[in-house]
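Counting starts at 1 for both ligands and their atoms, following the listed order.
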Amino acid sequence: MNVRTRIAPSPTGFLHLGTARTALYSWAYARHHGGQFVLRIEDTDVARSSEESVQQILDSMAWLGLDYDEGPHYQMQRLERYHAVVEQMVAAGTAYRCYCTPDELDAMREAQRARGEKTRYDGRWRPAPGKVLPPVPEGVKPVVRFANPTHGNVTWDDLVKGPISISNEEIDDLIILRPDGVPTYNFAVVVDDWDMRITHVFRGDEHINNTPWQINIFRAIAGPEAVLPQYGHCPIILGDDGLKLSKRRGAVSVTAYQELGYLPEAMLNYLARLGWNHGDEELFTLQQMVQWFDGSHLAKSPAQWDPAKLAWVNAHHMKQADD
Ligand code: GLU
């Protein structure tokens with residue numbers, strides 16, 4: 001198999017340390033296997049994405065030395081492709097237009113809450129044999145929803161967490177295309193991972209709940225026999241206070257550490273160890289990591305950011321560095 005990995009940041013701020021770590025894992029995995037590493041900018045959140053953020057991400061990747069073989073690909077430059085896939089799915093019956101207004105959806109949820117049910121889309125626009133759909137209202141721009149399978153389980157063997165299984169009954173029909181023609185994350189990510197022939201996805205475990213949708217959409221697009229990427233979900237990084245590493249409690253961007261004078265090789269060494277180990281090795285070069293990083297020994301539980309250890313790792317790399 002030709003290994004192909006990617007990192008797919010959303011340009012809504014600096015390159016976060018957590019994203020830098022999954023970029024490093026994806027990069028090292030591709031390099032270990034002589035494969036390719038792809039950079040994709042997921043800029044479909046038009047209101048929050050900015051050119052400045054794209055530039056900061058590119059600069060941080062360059063500073064860290066995580067070179068990519070393809071990209072940056074920009075999702076907003078691929079709209080035609082997403083629209084074509086949506087049309088194929090609608091024709092195949094794996095997606096459908098839904099004309100519910102926001103008020104109608106609110107009322108639907110309100111009624112479900114009142115009945116003590118879990119709130120979810122009730123499938124009123126989902127075609128079914130013999131079902132009469134509501135009349136198409138005038139002046140409402142539809143969304144497109146994915147017709148999620150109603151039975152069975154979605155299962156995958158996570159590269160980090162091990163086997164995971166989620167019942168399709170827990171999952172409702174996700175919006176894949178907004179009324180303005182911009183795709184949602186879970187759809188665009190699948191079209192891209194498919195088109196870019198991605199074989200391994202390392203990302204943060206906040207995406208575990210998205211993965212069942214992605215696997216189902218993948219099968220709908222690529223067919224039941226398609227070989228899907230393997231997913232590995234890395235736990236979040238905790239701050240030194242044991243809470244999620246966040247801006248409010250210190251620097252969380254690669255840029256901030258660059259400005260503070262840390263060496264990129266120290267950042268990579270330190271980030272690598274936050275969620276992966278090679279025995280007792282604490283201090284290593286990027287070349288060593290590439291040699292060792294075969295996707296095993298990834299930690300299932302969150303690591304804690306430790307500024308003192310980072311300083312120690314940095315001191316080591318400074319001593320090794322050319323004067
Ligand atoms: N744009 C997503 C993020 O930044 C990418 C997640 C993924 O790797 O699929 O979280």
Q: Working to the nearest 0.5 Å, report the span between OH of Tyr231 and CD1 of Ile198.
A: 10.5 Å
Q: Hey, is ligand 1 close enough to Glu206 that some N/O pair sits below 3.5 Å?
A: no
Q: Could you check which of Ala8, Pro229, Ala188, Ala23 puts a non-hydrogen atom nearest to atom 5 (C) of ligand 1?
A: Ala8
Q: Specify the protein heavy atom at minimum distance from atom 2 (C) of ligand 1: its residue, its atom name, and the distance to 0.1 Å.
A: Glu42 OE1, 3.3 Å
Q: Using non-hydrogen atoms of the residue, decide whether Phe202 is closer than 4.0 angstrom to ligand 1.
A: no
Q: Does Arg31 pair with Asp69 as a salt bridge, N-O distance under 4.0 Å?
A: yes
Q: Tell me which protein heavy atom sits closest to atom 8 (O) of ligand 1, plus the residue, atom name and distance to 0.1 Å.
A: Arg6 NH1, 2.5 Å
Q: Does a donor on one side chain and an acceptor on the other come within less than 3.5 Å for Tyr185 and Gln214?
A: yes
Q: Determine yes or no for a side-chain-to-main-chain donor-acceptor pair under 3.5 angstrom, with His233 supplying the side chain and Gly204 the backbone.
A: no
Q: List every atom of ligand 1 that sits less than 4.0 Å from any heavy atom of Val189, numbering the atoms from 1 in the order shown and giving each element.
A: 9 (O)
Q: If the cut-off is 4.0 Å to any non-hydrogen atom of Ser10, which atoms of ligand 1 fall inside it?
A: 1 (N), 2 (C), 3 (C), 4 (O)
Q: What I want to check is whether the side chains of Gln77 and Asp43 have a donor and an acceptor closer together than 3.5 Å.
A: no
Q: Looking at Tyr185, which atoms of ligand 1 are within less than 4.0 Å of one of its heavy atoms?
A: 2 (C), 5 (C), 6 (C), 7 (C), 9 (O)
Q: May I ask you to identify the nearest protein heavy atom to atom 10 (O) of ligand 1, giving residue, atom name and distance to one decimal place in Å?
A: His207 NE2, 2.8 Å
Q: With a 4.0 Å cut-off on N to O distance, would you call Asp192 and Arg6 a salt bridge?
A: no
Q: Is Ile237 reachable from Val160 through a run of hydrophobic residues whose side-chain heavy atoms are each under 4.5 Å from the next?
A: yes
Q: Using distance alone, determine whether Pro9 and ligand 1 share an N or O pair under 3.5 Å.
A: no
Q: Which of the numbered atoms in ligand 1 are under 4.0 angstrom from any heavy atom belonging to Arg203?
A: 7 (C), 8 (O), 9 (O)
Q: Give a yes or no on whether Lys319 atom NZ has more than 12 heavy-atom contacts from other residues, nucleotides or ligands under 6.0 Å away.
A: no
